[in-house]
Amino acid sequence: MTPDFKHSPVAVAQQLLGWTLLVDGVGGVIVETEAYDVDDAASHSFKGPTARNGTMFGPPGRAYVYLSYGLHWCLNFVCREKGHGAAVLLRALEPTHGMDVMSERRRTTQPRLLASGPGRIGQALGINKALDGLALDRPPFELLVPTKAVEIASGARIGITKAAELRWRFGVAGSPFLSRRFD
DNA sequence: CTTTCGATGATCT
DNA sequence: GATCATCGAAAGG
């Protein structure tokens, strides 16, 4: 069973909460996401296809990886349909698999600091440009179905200046592994 | 608790 | 040349 990526990024962002994401067996439960769409001024896809965002305009169910601020690799899941330009940014995981590997990569043993933030996920899971465009239902990726229902909180997206009024950030209410609290 | 700031480099104008 | 979907350390209340 895999998530259904052929929906709006807002729907997919909520649907993904509670799924477990692994890269080469390392990862945890998705507890925070953000939606980005093509008519959304904050989205990389807003101005149409470019060299960087090409994967966002490819088929859904693939990884879109980009380098943020010159040093942080961030992971997105492409959604909607081929050519559309929508994706969901993974913002925080609750670490469950391969804690030792993540601790080594992150240079901390505090579970809270392993993967609570998009750049931290990238470092903890070993994300890099080589993963850009790869399908999410095949190795090194693995997605495990949620075991429990989750209560969803929403709020404004973090770190953007355009389309800041949209409340397209979603998270598992009350999770201690969020990158920030919801208001 | 909060705010500020440097690191660091690809991308786009 | 400016911007940027970030992080961590440092400084201030």
#### Entry: Side-chain N or O of A:Arg107 closer than 4.0 Å to phosphate OP1/OP2 of C:dG8
no

### Query
Just how far, in rounded Å, is P of B:dC5 from CG of A:Leu71?
19 Å

### Task
Check every strand shown and say whether A:Ile160 touches a base, only sugar-phosphate, or nothing at a heavy-atom separation below 4.0 Å.
sugar-phosphate

### Query
Rounded to the nearest 0.5 Å, what separation is found between the OG1 atom of A:Thr20 and the CD atom of A:Glu142?
9.5 Å

### Task
Under 4.0 Å from any atom of DNA chain B, heavy atoms only: list the residues of residues 164-183 of chain A that qualify, in numerical order.
none

### Message
Whether A:Arg169 engages the ring of A:Phe182 as a cation-pi pair (distance to the six-membered ring centre under 6.0 angstrom, angle to the ring normal within 45°) should be assessed.
### Response
yes

Validation: residues 119-128 of chain A side-chain donor-acceptor distances under 3.5 Å, sequence neighbours left out:
unit_1   : atom_1 : unit_2   : atom_2 : d
A:Arg120 : NH1    : A:Ser116 : O      : 2.9
A:Arg120 : NH1    : A:Ser116 : OG     : 3.2
A:Gln123 : OE1    : A:Arg106 : NH1    : 2.6
A:Gln123 : NE2    : A:Arg105 : O      : 3.0
A:Asn128 : OD1    : A:Ala130 : N      : 2.8
A:Asn128 : ND2    : A:Gly126 : O      : 3.3

#### Entry: Nucleotide nearest A:Arg120 (side chain, heavy atoms from C-beta), chosen from B:dA7, C:dA5, C:dG8
C:dG8

#### Entry: Nearest-neighbour nucleotide for the A:Met56 side chain, C:dT6, C:dC4, C:dA5 considered
C:dA5

#### Entry: Side chain A:Tyr66 and base C:dA5 donor-acceptor under 3.5 Å
yes

### Task
Run the numbers on A:Ser103 and A:Thr108 for side-chain contact (heavy atoms from CB on, under 4.5 Å), then give the verdict.
CA-CA 5 Å; A:Ser103 296; A:Thr108 177; over 6 Å; no

Could you list, one pair per line, each protein nitrogen or oxygen that sits under 3.5 Å from a nitrogen or oxygen of nucleotides 10-12 of chain B, together with the distance?
unit_1 : atom_1 : unit_2  : atom_2 : d
B:dC12 : OP1    : A:Thr50 : OG1    : 2.1

### Task
Find the distance A:Glu34:CD to C:dT6:C1' and express it as a whole number of Å.
12 Å

Show the atom names and distances, to 0.1 Å, of all donor-acceptor pairs under 3.5 Å that link a side chain in residues 87-97 of chain A to residues at least two apart or in another chain.
unit_1  : atom_1 : unit_2   : atom_2 : d
A:Arg91 : NE     : A:Glu32  : OE2    : 2.8
A:Arg91 : NH2    : A:Ser179 : OG     : 3.2

### ring centroid sep under 5.5 Å plus plane angle under 30, A:Tyr69 with B:dA7
no

### Task
Answer whether the closest heavy-atom distance between the side chains of A:Thr55 and A:Val78 falls below 4.5 Å.
yes

### Summary
Between CG of A:Leu114 and P of C:dC7 the distance, given in whole Å, is 13 Å

### Task
For residues 148-167 of chain A, pull every pair meeting side-chain hydrogen bond (donor to acceptor under 3.5 Å, both in side chains), keeping only residues two or more places apart or in separate chains.
A:Asp40-A:Arg157

#### Entry: Minimum heavy-atom distance A:Cys74-A:Ser68, with the two atoms named
SG-CB, 3.8 Å

Show me the side-chain donor-acceptor pairs of residues 56-66 of chain A shorter than 3.5 Å, one per line, residues at least two apart or across chains.
unit_1  : atom_1 : unit_2   : atom_2 : d
A:Arg62 : NH1    : A:Gly133 : O      : 3.3
A:Tyr64 : OH     : A:His44  : ND1    : 2.8

### Message
Could you work out, with side-chain hydrogen bond (donor to acceptor under 3.5 Å, both in side chains) as the rule, every residue matching A:Thr33, not counting sequence neighbours?
### Response
none

### Query
Tell me the ring pair (Phe, Tyr, Trp, His ring centres under 6.0 Å) pairs involving residues 2-25 of chain A, sequence neighbours left out?
A:Phe5-A:Phe77

### Task
Using only side-chain N and O atoms of A:His72, determine if any of them is under 4.0 Å from OP1 or OP2 of C:dC7.
no

### Task
Could you state the atom-to-atom distance from CH2 of A:Trp73 to C1' of B:dT8 in whole Å?
13 Å

Hey, what are the protein-to-nucleotides 10-13 of chain C N/O distances that come in under 3.5 Å?
none

### Query
Want to settle it: does A:Lys162 or A:Gln123 sit nearer the 5' end of DNA chain C, counting the closest nucleotide to each?
A:Lys162

### Query
To the nearest angstrom, how far is A:Arg106 atom CZ from C:dC7 atom P?
8 Å

### Message
Using the salt bridge (Lys or Arg N to Asp or Glu O under 4.0 Å) criterion, which residues pair with A:Lys129? Sequence neighbours excluded.
### Response
A:Asp132

### Summary
Contacts of A:Ile152 meeting side-chain contact (heavy atoms from CB on, under 4.5 Å) (sequence neighbours excluded), chain-then-number -> A:Gln14, A:Leu17, A:Val150, A:Phe170

### Nearest heavy atoms of A:Cys79 and A:Val12, plus distance in Å
CB-CG2, 3.9 Å

### Task
Write out the stems for DNA chain C, ordered by first number and formatted as range with range, counting runs of at least 3 consecutive Watson-Crick or G-U wobble pairs under 3.5 Å.
B:1-7 with C:6-12, B:9-12 with C:1-4

